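No experiment lies behind these values; they were computed from the predicted model shown.
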There are 2 protein chains.
Amino acid sequence: MKRIADSTVRRLSVYLRYLEELEARSIATTSSDELAAHSGTTSAQVRKDLSFFGSFGKRGLGYSVPELTDRIRQILGLGREWRVVIVGAGKIGSALSNYRGFAQRGFTVVGVYDNDPRKIGKRWDAQTVRDIVELEDDARRDRPDIAVLAIPADDVQGEVDRIVRAGIRAILNFAPAQVNAPPGVTIKNVNMAMELEGLSYALSHRE
Amino acid sequence: MKRIADSTVRRLSVYLRYLEELEARSIATTSSDELAAHSGTTSAQVRKDLSFFGSFGKRGLGYSVPELTDRIRQILGLGREWRVVIVGAGKIGSALSNYRGFAQRGFTVVGVYDNDPRKIGKRWDAQTVRDIVELEDDARRDRPDIAVLAIPADDVQGEVDRIVRAGIRAILNFAPAQVNAPPGVTIKNVNMAMELEGLSYALSHRE
DNA sequence: CAGTGTGAAGCACTTCACAGCC
DNA sequence: GGCTGTGAAGTGCTTCACACTG
């Protein structure tokens, strides 16, 4: 399949959230106009995004909510369980795994790791914190798909390397550090410092 | 000044982090090549980004680390204190305000708010949680610049409206919901669900 | 006739390539 | 000689506009 822009995938995620809301309210159909209004984009953009994956609508009528919901879930790969390990037994990982949409969309925490002896062995949500050095061994058994990396900025690269050695090919990185991964490993960076500095910039450059 | 792309501002933030590291190691000069290597971009991109704001380098020599650090801080508006309120006394806000770079870059928490009676009045980091209905009154006294919105997805728009009424013109939104703000108010969305779904998509579309 | 699907046009960001300066 | 600064070219995402169809 043709390469899909990152921005397109992100918008699909937003469309999905609105479609789920419509589904909960038992609304049967919607239109590109309506989807656009609730997603902060334009109707042309919605139609273009969907067109990369097929023609899901009916001309003159719009889209069937249940059908489009299913198709987008399928496209995003949400039809299965994703096994997630949290590296860094801190507040960010905890906030993420407690988020109700997390389990709802098929993400399951199969392990929590830290390198701090004071944390190892302690209870953490429904898990017991394990020693980070055990990640590679455990991974052979647990077969995690995704690692959430939420540690302080020191030695982020070292932990990325460990995660990659453990055979995990997708990383959600909350550490404010630039990291390299081999081809075939996808990294998404969530950098709060960067976002705050973006706000600082915006506030500073107003008329 | 010419409008600057969001992506440029985000990269400046990354350059700054590397420059601070160089400064800590007392390294006096650097080059666009080196900055690029540590920021996941190209040297041409670095030079182009900087060129929007002036010419900070010396041909044949590169950039003075302290000078460029200062200039980027200035550009990003980090030369002053930014007063931040946290709306939603949960783990995300706590993780953010405990992040050492937060205070270091001039962001100060001046208030924490929640609507849960069980949380109001309780200690939360160095703050006492206040009732969200008091935000507007308090803002007249505290003059916050930025609101960090970290509440569950319900009624995000209502809280955005309240924040805007309180005169705050920059919002960092962690709630997975599309929100509208009047012109003049900048919103940055950090959507973890979207990032995870991006990873799900990437994992599902491999050869 | 309302609303989709889609080539074509428009626009914005990135990369190139080289003149200019230290 | 090395590295910056920058017009020009390239690339890719977004918007337009309209043919098409239920």
**Prompt:** Of B:Gly62 and A:Lys58, whose nearest nucleotide on DNA chain D comes first from the 5' end?
**Reply:** B:Gly62
**Request:** Specify the separation, in whole Å, of atom CZ of B:Phe56 and atom P of D:dT4.
**Result:** 14 Å
**Request:** Name the closest nucleotide to the A:Arg59 side chain, picking from D:dC20, D:dT15, D:dG5.
**Result:** D:dC20
**Prompt:** Which class fits the ring pair A:Tyr201 and B:Phe53: parallel under 30°, tilted 30 to 60°, perpendicular over 60°?
**Reply:** perpendicular
**Prompt:** Would you say B:Ser32 reaches D:dC3's phosphate, i.e. side-chain N/O to OP1/OP2 under 4.0 Å?
**Reply:** no
**Complete:** Whole-Å distance, B:Leu68 CG to D:dC3 P, equals 16 Å
**Atom pair distance, as rounded to whole Å: CG in A:Asp6 and C1' in D:dT14** = 16 Å
**Request:** Take atom CG of B:Asp33 and atom P of C:dC16, then tell me their distance rounded to the nearest Å.
**Result:** 13 Å
**Prompt:** Considering only D:dG22, C:dC13, C:dC22, which nucleotide approaches the side chain of B:Ala5 most closely?
**Reply:** C:dC13
**Asked** Would you say C:dT14 has OP1 or OP2 under 4.0 Å from some side-chain N or O of B:Arg11?
**Response** yes
**Fill in**
Comparing nearest nucleotides in DNA chain D, the 5'-proximal residue of the pair B:Gly54, A:Gln45 is B:Gly54
**Prompt:** Does a side-chain N or O from B:Ser7 land closer than 4.0 Å to OP1 or OP2 of C:dT14, or not?
**Reply:** yes
**Asked** Is there a side-chain contact between B:Pro182 and B:Val164 (heavy atoms, below 4.5 Å)?
**Response** yes
**Message:** Rounding to an integer number of Å, can you tell me how far A:Arg3 CZ sits from D:dC13 C1'?
**Reply:** 12 Å
**Asked** In terms of side-chain heavy atoms, does B:Glu81 have a donor or acceptor partner in B:Thr108 at a distance below 3.5 Å?
**Response** yes
**Request:** Report the distance from atom NZ of A:Lys48 to atom C1' of D:dC18, rounded to the nearest whole Å.
**Result:** 13 Å
**Request:** Side chain of A:Arg47 only, please: which of D:dT15, C:dT6, D:dT6 is the nearest?
**Result:** C:dT6
**Message:** Are A:Phe102 and A:Phe107, when compared by the centres of their aromatic rings, separated by less than 6.0 Å?
**Reply:** yes
**Message:** Check the phosphate of C:dT4 against A:Ser55, side-chain N and O only, distance under 4.0 Å to OP1 or OP2. Yes or no?
**Reply:** no
**Message:** How many whole angstroms separate atom CG of B:Asp49 from atom P of C:dT14?
**Reply:** 7 Å
**Prompt:** Would you call B:Arg169-B:Asp145 a salt bridge at under 4.0 Å N-O?
**Reply:** no
**Request:** May I ask you to verify if any side-chain N or O of B:Tyr63 is less than 4.0 angstrom from the OP1 or OP2 atom of D:dG5?
**Result:** yes
**Request:** Send over the distance from A:Leu61 CG to D:dC20 C1', rounded to a whole Å.
**Result:** 14 Å
**Message:** Counting only side-chain nitrogens and oxygens, does B:Ser31 get under 4.0 Å of the OP1 or OP2 atom of D:dC3?
**Reply:** no
